[in-house]
Amino acid sequence: MSDALRAALAKVAVDLGAEGAEFVLERPKDAGHGDLATNLAMVLARVQKAPPRAVAARILEALDLPAGTIEKTEIAGPGFINFWLATDELASALRGIIAAGPGYGAHTFGEGLRYNVEFVSVNPTGPLHVGHGRGGALGDAIASLLEWTGHTVTREFYLNDAGVQIDRLAESLWARVQEAAGRPAVIPEGGYHGGYLRANAAQVLEQEGRAFADLPVEEGVRRCRVLAVRMQREEQDRDLASFGVRFDVIASEQAIYDRGAIPETLALLAARGLTFEQDGALWLRTTDFGDDQDRVLRKSDGTFTYFLPDIAYHVDKHDRGFDHVIDVWGADHHGYVPRVRAAMRALGYPEAFFDVSIVQLVKVMRGGEEVKMSKRSGEFITLRDLIEETGPDAARYFFLMRRADSQLNFDLDLATSQSDENPVFYVQMAHARMHGIFRVAGVDPDEVDADVRLDALPAPEDRELLKKLTAFPEITARAAQEREPHRLTGYLEDLARLTHGWYHKCRVLGEPTEVERARLALARATRIVLANGLTILGLTAPDRM
RNA sequence: GCGCCCGUAGCUCAGGUGGAUAGAGCGUCAGCCUUCUAAGCUGAGGGUCGCAGGUUCGAAUCCUGCCGGGCGCACCA
């Protein structure tokens, strides 16, 4: 409905000589201001050289709407025009929800656009911690929202399996292997002290045989390199899988080196005249593209910085045909954004090609106290610990319920609480309750007739709930466009609140036939919206709790 | 010192491409319900939207400057 009304209003704007006027058509917070409201009259007041309320009257005069859509209009406040939807319009919306079912809230505006969402991308040097969980939940939800709005999406993980930190990892594992074989072991400077490598070392000896520890150091370390990366990746994948996150592509940094992409990228940049040598190093002139200093590509010792393979990796994404790439990075990497953006500009890629979502830090709270995480001491809450304590649904939901760019207080007590104070529980319970109605009635919800008489519904709660359901497609569209899944959690909480209120106030079964039929349809539609919302966020929609 | 993010009710946070009386949950207080489709309902109180200027008919929202918190500022990865 809002689309039709918006179009009609835009047409009036044209008729009044203000083509392309930017006006707002929104659902007012205050129910007394109707179902939809527009500020068009105030926007046009200047061109019309008339007070907004007088302009509003002209607009209503000129407004041409199909019969039976709007029940009432009103000019209010400084010049708002408020609209009340006709019952027929709501009934048709209800039929639309049920007809669309699991596709309700989906859009097609992204069709033909290929997106690459890269997230988590943690080094394969240790277990995932809660911050990676937030990045994982966010990246996955953004990817789902994009799919839901018609985009083709690849979920991608960038594996840093080359470079110095992997050397340290291999040496550290080799040291643990020696230790397991009963020899003194020295973890190298800058190596990894975490106990998980002990477990890996034991596994290596078991799989490769005790003689593995007697290999010459060089060969032992070389083989440890492959083994360590593989074992760490497997563990990370296990954690991510239990969290409901899967990737379409694991992109390897080593593979970028192996196929010669580094010199190719270097040549590409040099050909554009954007590199220069200074102090024995090779630089990229990123300051020409918005960075605050130029950046080194190849150090004076001949090795490359991380920046160059990162550029090569993004060139690769571009060459694979993606229209847009979104990188989900932790706040500790935000300083890296300007130089990568500069590199994308230097290569002449469209401005919209490269986008970054920065996810801020997570503080885990228990009993009102922060649970300290310290990598140094090796005592930190891993993502695995967290999921085991809260379950995957609560963990995902809590990671998504706040804007990514504000810091998150993860309240463990709340996340594990089986009460309506826990928002995940509250939303899932609303879904379970809707299903419970059908269970008690012995009716398959998918068989419930959508063609009902809405005017049979006696309570204001009935209409209020239905109106909320009709807002869902706007929420999914906005959440996808803004890459803000928290808009969806917020909506689901609002909807759950209305659902619980309705459930309590409005009986379904045993009411007069027309009322029961209408409310069954409403319950079915509510269940659809709750289920779709939960599904987009990667959460289960339980039938009973 | 520079850059990015944040600062809204006691707490956790929405609202941020300017619009109507700034919202929600929790907590607090006062009542109600104890029926069923368990985990409920109603109401109240609570705010200099960090501070100060500016733009505007209109600012939590945009601009500038400060204050406070977080994270970054390598020929590290």
Side-chain angles (χ1 to χ4, degrees), chain A residues 22-24 26 28-30 32-34 37-39 41-43 45-46 51-52 76-80 82 123 125 160 162-168 190 253 278-283 291-307 309-310 329-339 356 358-361 363 365 368 398 401-411 414 417-423 425-426 429 432-441 482 484 486-487 489-491 493-494 496-497 500-510 523 544-545:
Chain A
E22 291 203 7
F23 62 93
V24 173
E26 61 175 3
K29 282 166 273 187
D30 186 336
H33 295 147
T38 182
N39 66 347
M42 291 182 285
V43 173
R46 212 160 302 174
F80 289 98
N82 300 333
N123 289 342
T125 53
N160 294 122
V164 182
Q165 85 282 6
I166 301 299
D167 297 339
R168 295 293 99 78
E253 181 190 3
Q278 185 182 306
D279 306 327
L282 185 71
W283 299 66
D291 199 3
D292 56 3
Q293 53 183 291
D294 293 326
R295 305 292 174 176
V296 171
L297 296 169
R298 191 185 61 221
K299 296 180 265 180
S300 53
D301 67 3
T303 62
F304 300 114
T305 59
Y306 242 50
F307 186 34
D310 275 355
W329 292 349
D332 53 345
H333 286 90
H334 78 261
Y336 205 64
V337 177
R339 80 184 68 168
V356 181
I358 293 295
V359 45
Q360 292 290 333
L361 303 185
K363 254 196 222 176
M365 309 292 286
F398 273 61
M401 66 196 264
R402 304 295 182 218
R403 298 175 49 169
D405 54 10
S406 67
Q407 292 175 35
L408 173 68
N409 275 353
F410 193 114
D411 185 338
L414 187 59
S417 138
Q418 298 276 302
S419 77
D420 57 3
E421 293 166 27
N422 180 347
F425 187 89
Y426 192 68
M429 186 66 196
R433 273 185 154 166
M434 291 303 99
H435 185 79
I437 294 171
F438 298 104
R439 185 170 54 242
V440 169
E482 305 292 329
E484 292 183 335
H486 80 276
R487 290 173 181 276
T489 61
Y491 169 82
E493 284 166 48
D494 284 348
R497 193 174 312 122
H500 286 298
W502 176 78
Y503 176 85
H504 213 262
K505 181 84 179 288
C506 304
R507 285 198 74 88
V508 177
L509 307 179
R544 61 197 313 166
M545 298 183 71

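Computed from a prediction, not measured in an experiment: that's the story for all the values here. All chains are named by letter (A, B, ...) in the order of the sequence lines, taking the proteins before the strands, and each is independently numbered beginning at 1.
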Self-check item: Interatomic distance, A/Ile437 CD1 vs B/C36 P [rounded to whole Å]
Solution: 16 Å
Quiz item: Could you give the CD1-to-P distance, from A/Ile166 to B/C76, as a whole number of Å?
Solution: 18 Å
Quiz item: Using a cut-off of 4.0 Å on non-hydrogen atoms, how would the nucleic acid contact of A/Ala37 be classed: base, sugar-phosphate, or nothing?
Solution: base
Quiz item: Could you state the NE2-C1' distance from A/His33 to B/A22, rounded to the nearest angstrom?
Solution: 14 Å
Quiz item: Heavy atoms under 4.0 Å, any strand shown: does A/Arg507 hit a base, just sugar-phosphate, or nothing?
Solution: base
Self-check item: Closest listed nucleotide, where the reference is the side chain of A/Arg402 and the choices are B/A77, B/C41, B/A14
Solution: B/A14
Exercise. Establish, with yes or no, whether the OP1 or OP2 oxygen of B/C33 is under 4.0 angstrom from a side-chain nitrogen or oxygen of A/Lys505.
Key: no
Quiz prompt | Partner residues of A/Thr125 under the side chain to side chain contact (heavy atoms under 4.5 Å, CB included) criterion, sequence neighbours left out | solution = A/Asn123, A/Gln165, A/Ile166, A/Leu169, A/Tyr192
Quiz item: Would you call the rings of A/Phe398 and A/Phe410 parallel, tilted or perpendicular if under 30° counts as parallel and over 60° as perpendicular?
Solution: tilted
Quiz item: Which distance, rounded to the nearest 0.5 Å, do you find between the CG of A/Asn409 and the CZ of A/Arg402?
Solution: 8.5 Å
Quiz item: If we take the P atom in both B/G16 and B/C75, what is their distance in whole Å?
Solution: 40 Å
Quiz item: When rounded to the nearest Å, what value does the distance between C1' atoms of B/G70 and B/U34 take?
Solution: 48 Å
Dump every N/O contact between nucleotides 70-74 of chain B and the protein below 3.5 Å, one line per pair.
unit_1: B/G70; atom_1: O2'; unit_2: A/Gln407; atom_2: NE2; d: 3.1
unit_1: B/C71; atom_1: O2'; unit_2: A/Ala331; atom_2: O; d: 3.0
unit_1: B/C71; atom_1: O2; unit_2: A/His334; atom_2: NE2; d: 3.3

Quiz item: In Å, rounded to the nearest 0.5 Å, how long is the span from CZ of A/Phe80 to CD of A/Glu26?
Solution: 7.0 Å
Quiz item: Where the side chain of A/Thr305 meets the backbone of A/Val296, is there a donor-acceptor pair that is under 3.5 Å apart?
Solution: yes
Quiz item: Using Watson-Crick and G-U wobble pairs with both distances under 3.5 Å, what is the 5'-to-3' dot-bracket string of RNA chain B, with [ ] for crossing pairs and | for pairs outside the strand?
Solution: (((((((..((((.....[...)))).(((((.......))))).....(((((..]....))))))))))))....
Practice problem: Pick the C1' atom in B/A74 and in B/C2, then give their distance to the nearest Å. | Solution: 16 Å
Quiz prompt | Proximity to the side chain of A/Arg403 - top-ranked nucleotide from B/G15, B/A20, B/C13 | solution = B/G15
Practice problem: Please work out if A/Glu26 contacts a base, only the sugar-phosphate, or nothing of the nucleic acid, heavy-atom cut-off 4.0 Å. | Solution: nothing
Exercise. Calculate the interatomic distance between A/Leu297 atom CG and B/A77 atom P; express it in whole Å.
Key: 13 Å
Quiz item: With a 4.0 Å cut-off on heavy atoms, is A/Met429 in touch with a base, just the backbone sugar-phosphate, or nothing at all?
Solution: base
Self-check item: Distance in angstrom units between A/Trp283 CH2 and B/C75 P, rounded
Solution: 5 Å
Exercise. Can you tell me the distance, in whole Å, between the NZ atom of A/Lys363 and the C1' atom of B/U12?
Key: 12 Å
Exercise. Would you indicate which nucleotide in B/C41, B/C75, B/A20 comes nearest to any side-chain atom of A/Asn82?
Key: B/A20
Quiz item: Any side-chain N or O of A/His500 less than 4.0 Å from the OP1 or OP2 oxygen of B/C41?
Solution: no
Self-check item: Aromatic stack A/Phe80/B/A20: centroid gap under 5.5 Å, interplanar angle under 30°
Solution: yes
Quiz item: Between A/Glu482 and A/Asp494, which is nearer to the 5' end of RNA chain B once each is assigned its nearest nucleotide?
Solution: A/Glu482
Quiz item: Would you call A/Val164 and A/Thr303 a side-chain contact if the rule is heavy atoms closer than 4.5 Å?
Solution: no
Quiz item: Roughly how far, to the nearest 0.5 Å, is CZ of A/Arg544 from CZ of A/Arg439?
Solution: 3.5 Å
Quiz item: B/G53 and B/G25: how far apart are their C1' atoms, nearest whole angstrom?
Solution: 36 Å
Practice problem: Look at the side chain of A/Pro28 and decide which nucleotide, out of B/A24, B/A20, B/C75, has an atom nearest to it. | Solution: B/A20
Quiz item: To the side chain of A/Arg497, which of B/A24, B/G40, B/G27 is closest?
Solution: B/A24
Practice problem: Round to a whole Å and report the spacing from CH2 of A/Trp502 to C1' of B/C41. | Solution: 17 Å
Quiz item: Counting distance only, does the side-chain N/O of A/Asn82 pair as donor-acceptor with the main-chain N or O of A/Ala37 below 3.5 Å?
Solution: no
Quiz item: Expressed as a whole number of Å, how far does the C1' atom of B/G54 sit from that of B/G43?
Solution: 42 Å
Exercise. In whole angstrom, give the distance that lies between atom NE2 of A/His486 and atom C1' of B/G25.
Key: 15 Å
Quiz item: Quick one: are A/Phe304 and A/Leu297 in side-chain contact, heavy atoms under 4.5 Å?
Solution: no
Quiz item: Out of B/C13, B/C75, B/G15, which has the shortest distance to the side chain of A/Ser406?
Solution: B/C13
Self-check item: Inter-nucleotide C1' distance (B/A30, B/G68), Å rounded
Solution: 38 Å
Exercise. For the side chain of A/Asp405, starting at C-beta, report the closest nucleotide among B/C6, B/A77, B/G40.
Key: B/C6
Quiz item: On RNA chain B, nearest-nucleotide positions of A/Phe425 versus A/Gly77: which is more 5'?
Solution: A/Gly77
Quiz item: Would a distance-only check, ignoring hydrogens and angles, find a side-chain to backbone donor-acceptor pair under 3.5 Å from A/His500 to A/Tyr426?
Solution: yes
Quiz item: Are any non-hydrogen side-chain atoms of A/Gln360 and A/Leu408 less than 4.5 angstrom apart?
Solution: no
Quiz item: Using the P atom in both, what is the distance from B/A20 to B/A24, to the nearest Å?
Solution: 15 Å
Quiz item: Roughly how far, to the nearest 0.5 Å, is CZ of A/Phe23 from CE of A/Met42?
Solution: 12.5 Å
Practice problem: For B/C62 and B/U17, measure between their P atoms and round to the nearest Å. | Solution: 7 Å
Quiz item: Checking all strands, does A/Val24 fall into the base, sugar-phosphate, or nothing category for heavy-atom contacts under 4.0 angstrom?
Solution: nothing
